[in-house]
There are 2 protein chains.
Amino acid sequence: MRNKPATIKEISQLLKISVSTVSRALHDHPSIGLTTRQKVRKLADELNYEPNQTAIFLQQGRTLTIGVILPELSESFFSSAISAIEDTAYKRNYTVLLAQSHDDEHIEKQLVEKMKNHRVDGLLVSVGKNTSSYQHFENLKKYNIPVVFFDRIPAMQNIHYVACNMEIGTIEAVSYLLKKGHRSIGMINGPATLFASGERKEGYIKAMTKNRLKFDPSLIVPCDLTEEGTKAAMNELLASKRKPTAVVTFNDYVALFAIKHATDLKIAVNKDLEFVSYANLPLINYMESIPSASVEQFPYLQGQKAADILLDLLWHKHQGVDEQTAYYKIIIESQLIENNRTDAGRSK
Amino acid sequence: MRNKPATIKEISQLLKISVSTVSRALHDHPSIGLTTRQKVRKLADELNYEPNQTAIFLQQGRTLTIGVILPELSESFFSSAISAIEDTAYKRNYTVLLAQSHDDEHIEKQLVEKMKNHRVDGLLVSVGKNTSSYQHFENLKKYNIPVVFFDRIPAMQNIHYVACNMEIGTIEAVSYLLKKGHRSIGMINGPATLFASGERKEGYIKAMTKNRLKFDPSLIVPCDLTEEGTKAAMNELLASKRKPTAVVTFNDYVALFAIKHATDLKIAVNKDLEFVSYANLPLINYMESIPSASVEQFPYLQGQKAADILLDLLWHKHQGVDEQTAYYKIIIESQLIENNRTDAGRSK
DNA sequence: TTTTATTACGCAAACGTTTGCATAAACTCG
DNA sequence: CGAGTTTATGCAAACGTTTGCGTAATAAAA
């Protein structure tokens, strides 16, 4: 066996028939006689023929490939999403071209360019947190390459996206704590620049007003998400007049820092001070001192929905449906999950 | 602007010159006059010309793409590896085509086939744990598509691979415990079918003999890696005649199960019973009760090395170097890392 | 038998590039 | 000023497919 894969042309020559006949035979085209069809099949098998997709891509103008650009592949949230995307793509016979931007706008731009060159049929993107200009995404529209954003959505008009609204989850979280009798609930929030911080704050406030309680702004302290910042935020909360008996933290990392700090201060976690967080980490289930509940953001689901939407768009495009002007805007509501360890694998 | 990307042909028509001239001009070929070169550049910019890679791929017979097939994308070990692979590929201008087998041999086969169709230049594979036949990989050799395996290596001859040897790390782990004064050290190992279990066992034995201590086989108990199995194993160890004062566990999951069980039994973790594990989980750093040390398996490094090797192979192949008969067999030695939480990000 | 369908296949263009070779024009030099 | 050299460009094939259209050969209908 030679090292170059067999081609249709070779088959056609060996069989002394035309390439078009071979091509059609391999596609079970009705206009090809049974005998030739069988001959072709047989020889193709013997030669281990495999269609050269790059040639087909060129011919058909599509690659059955979707590009995925994410900030950081090793983050648990994104790797869950990727897993979902790959699963969905696989089911519909698409392949995934993957790249990470490391939250660097310049790299992100390059990657979009590269994906365009590779002629991916569509793109799935979670925008880097430093990205401020969205021109590179606008360009894609001109070329009619569909893009679906998820989780981190750019501030653009007329885009498709899937995102998780933290507000409801936050309301649930705060209500959960209120129901358990807490009357002074602290929140360690993220930096004010993040959209997600706003949602959490809104949720907190709504939960309070819904329960006819006064909202004390000093109980929400921002934090830069580092261990130091978390400690500082904790100290601020603990020094507060209305010393909280429960804390909602921006994410699991912050929660762990806070819990650690509380433990150091001899505070009995979830007794003297109860914690609720947002689920970023897969194995919170395995740990001892963990938030008593978490707001789930459904990374797998987000990835899956985003991929589904993109593949639908591609399908319609391929069917020649006119430029459609409707935009998918899917909001997944976050949801509070109590952390009794018996329910496994909630993120999937 | 129209929605179809500009082509070289269009440029050539507008400028009334031949396509070859345009092509060369865009590549700064020396034989093209300065004026035409500039004209071409200008128009190309105006039209937002982007070379169609699929056409180039077809023409050049290579895709600057590497395929990556892994068992499970959402597992922390693999997502670190992926991240490394993408980083390395990006640096050398390659792109990553990604797929997961879910440890299913049949899917794995299909994926190999798909990658072959897509004409990836090379393949990076971590074999599914149920895969028993390696014919699909053998086929790749015939087509001269280089494959580099990592972490989970198939039992094949003449392959390139990168793997992590757990033996040294285990020796270090056991020696570490011995040095701390422990004389009865238990091990919760994985199922005997796993290659990795063997390495751990060997390491354990070597550490004992090296320190002129008697090896007590009853102190190594296998386990199916579930929570139940871990409990059972722990109980067996605790009931043993020479009740261990320290335990080495197969991985972090097992460690967490074991620690949880120990805590339930009111055993003071790392005081009455010290734990050492293997690093699978990224955030062991954030937790309170954790193994006092971990054997690091360097997922990022493994991914990086594997990608480097593959890209080197591709480079040589592209340079037309003859079929080389040497095979890369890289063994990364695992290494014991003490878990004082101040050193961050050790897996990267 | 002639006409009309039907069946089975081939021709050639098209997808967008790259590149070896040929060639026309301009320039150099003795 | 003609021969040789350089400079700048074009032609056409090739990469491996798919597919519209044309056309023989055969079969069915008139």
Tell me what Gln60(B) touches on the nucleic acid: a base, only sugar-phosphate, or nothing, going by heavy atoms under 4.0 Å.
sugar-phosphate
Tyr49(A) OH to dG16(D) P, in whole Å, measures 10 Å
Answer yes or no: does a side-chain N or O of Lys9(B) lie under 4.0 Å from OP1 or OP2 of dA14(C)?
no
Reckon Ser23(A) has a side-chain N or O less than 4.0 Å from the OP1 or OP2 of dT17(D)?
no
Is Glu46(B) salt-bridged to Lys42(B), cutoff N-O under 4.0 Å?
yes
Going by the angle between their ring planes, with limits at 30° and 60°, are His160(A) and Tyr327(A) parallel, tilted or perpendicular?
tilted
Nearest-angstrom distance from the residue atom CD of Glu10(B) to P of dC15(C)
10 Å
Remember a base hit wins even if backbone is also touched, and classify Leu58(A) as base, sugar-phosphate or nothing at under 4.0 Å, heavy atoms.
base
DNA chain C contacts made by residues 112-122 of chain B, counting heavy atoms under 4.0 Å
none
Are any of the side-chain nitrogens in Lys109(A) or Glu105(A) under 4.0 Å away from the carboxylate oxygens of its partner?
yes
Taking CZ from Phe57(A) and C1' from dA14(C), how many angstroms apart are they, rounded to a whole number?
18 Å
Please lay out, stage by stage, how Asp103(B) and Arg152(B) fare under the test salt bridge (Lys or Arg N to Asp or Glu O under 4.0 Å).
CA-CA 11 Å; Asp103(B) 282 316; Arg152(B) 304 226 206 126; 3.1 Å; yes
Under a 4.0 Å N-O cut-off, is there an ion pair linking Lys91(A) with Asp308(A)?
no
Expressed as a whole number of angstroms, how long is the span from Arg62(B):CZ to dG16(D):C1'?
19 Å
Here the pair of heavy atoms bringing Ile153(A) nearest to Val162(A) is CD1-O, 3.7 Å
Using whole Å, report how far CD1 of Ile11(A) lies from C1' of dG16(D).
12 Å
Is any side-chain N of the basic residue among Lys129(B) and Asp104(B) closer than 4.0 Å to the acidic one's carboxylate O?
no
Can a salt bridge be assigned to the pair Asp121(B) and Lys317(B) using a cut-off of 4.0 Å between side-chain N and carboxylate O?
no
Salt-bridge test for Lys305(B) and Asp312(B): reply yes if a basic N is under 4.0 Å from a carboxylate O, no otherwise.
no
Readout for nucleotides 5-12 of chain D: B = base within 4.0 Å of protein heavy atom, S = sugar-phosphate only, - = neither; 5' to 3' it is ---BBBBB
Below 4.0 Å: OP1/OP2 of dA13(D) and any side-chain N or O of Gln59(B):
no
Base, sugar-phosphate or nothing for Ile56(B)? Non-hydrogen atoms, less than 4.0 Å.
sugar-phosphate
Just the rounded figure in Å: distance from P of dC9(C) to NZ of Lys39(A).
8 Å
